Amino acid sequence: QVQLVESGGGLVQAGGSLRLSCAASGSILRVNIMGWYRQVPGKQRELVASISGGSTNYADSVKGRFTISRDNAKNTVTLQMNSLKPEDTGVYYCNAEVEVLVTAWRIANYWGQGTQVTVSS
């Protein structure tokens with residue numbers, strides 16, 4: 001089994017910053033893609049940012065404000081969020097594509113429990 005544990009999040013005023021962190025642990029051979037998704041009530045979960053190897057991908061709405069990074073040795077991913085806007089509000093979920101070996105080798109997708117980010121105007 002693999003667990004993703006998130007930390008960070010909270011309430012911040014518009015223009016402020018927050019930092020989200022996520023650590024993957026368990027029967028991990030390798031973590032491939034790691035990313036952050038956001039969900040607001042009534043809408044589908046959407047990709048905010050992802051990182052794979054040395055490549056990063058950002059939603060257009062966060063480009064230039066958010067930065068995703070990872071520590072491969074620790075299987076952690078961090079999302080630095082600056083210049084936050086009220087529309088950034090939502091539950092942020094960590095996601096990881098992981099190669100695992102339990103009874104057999106396989107690639108599986110895992111989610112964290114989610115952390116609330118609220119940006120007040």
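Everything numeric here is computed off the predicted structure, so don't read it as measured data.
- The heavy-atom pair separating V31 from N75 by the smallest distance is CG2-OD1, 3.4 Å.
- Here N72 contributes atom CG and M34 contributes atom CE; the two are 9.0 Å apart, rounded to the nearest 0.5 Å.
- At distances below 3.5 Å, not a single donor-acceptor pair connects side-chain atoms of R106 with backbone N or O atoms of V102.
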Taking it one step at a time, do V119 and V117 satisfy side-chain contact (heavy atoms from CB on, under 4.5 Å)?
-> CA-CA 7 Å; V119 184; V117 171; 4.2 Å; yes
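- Hydrophobic clustering (side-chain heavy atoms under 4.5 Å, transitive across Ile, Leu, Val, Met, Phe, Trp, Tyr) groups F66 together with V12.
- Taking all atoms of both residues into account, the shortest heavy-atom contact from Y58 to A49 is CD2-CB, 3.6 Å.
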Can you list the steps and then say if I51 with V77 is a side-chain contact (heavy atoms from CB on, under 4.5 Å)?
-> CA-CA 9 Å; I51 183 167; V77 63; 4.1 Å; yes
Where do Q116 and L11 land on the side-chain contact (heavy atoms from CB on, under 4.5 Å) test, with the steps shown first?
-> CA-CA 8 Å; Q116 177 70 44; L11 173 64; over 6 Å; no
List the steps and the verdict of side-chain contact (heavy atoms from CB on, under 4.5 Å) for M81 and L20.
-> CA-CA 8 Å; M81 305 185 292; L20 304 182; 3.7 Å; yes
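- Atom OG of S25 is separated from atom CD of Q3 by 4.5 Å, given to the nearest 0.5 angstrom.
- For residues 16-30, the set of pairs meeting the salt bridge (charged side-chain N to carboxylate O under 4.0 Å, His left out) definition, not counting sequence neighbours, comprises R30-E99.
- Note on W111: it clusters hydrophobically with V91, by side-chain heavy-atom contacts below 4.5 Å among ILVMFWY residues.
- A donor-acceptor pair under 3.5 Å is absent between the side-chain atoms of E97 and the main chain of N109, judged by distance alone.
- Minimum interatomic distance between S83 and S17 (heavy atoms only, all atoms of both residues): N-OG, 4.3 Å.
- Counting heavy atoms from C-beta on, the side chains of L18 and L84 come closer than 4.5 Å.
- Between the side chains of Q80 and T78, no donor N or O sits under 3.5 Å from an acceptor N or O.
- Distance NZ/K74 to OG/S21: 10.5 Å, rounded to 0.5 Å.
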Compile the donor-acceptor pairs under 3.5 Å between side chains in residues 36-44 and protein atoms, sequence neighbours left out, one pair per line.
residue	atom	partner	partner atom	Å
R38	NE	E46	OE2	3.3
R38	NH1	Y92	OH	2.8
R38	NH2	E46	OE2	3.0
Q39	OE1	R45	NE	3.2
Q39	OE1	R45	NH2	3.3
Q39	NE2	K43	O	3.3

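- We find the CD-OG distance between Q13 and S120 to be 5.0 Å, quoted to the nearest 0.5 Å.
- Distance alone, capped at 3.5 Å, is enough to place a donor-acceptor pair between the N95 side chain and the Y110 backbone.
- Contact detail for L4 and A96: the closest heavy-atom pair is CD1-N, 3.8 Å.
- A salt bridge does not link D88 with K85: every distance from a Lys NZ or Arg NE/NH1/NH2 to an Asp or Glu carboxylate oxygen is 4.0 Å or more.
- Contact record, S50 with I33: CB-CG2, 4.3 Å, taken as the closest heavy-atom pair.
- Under the side-chain contact (heavy atoms from CB on, under 4.5 Å) test applied with V48, the options L79, I68, N57 reduce to a single match, L79.
- Smallest separation of non-hydrogen atoms from A14 and S121: CB-CA, 4.4 Å.
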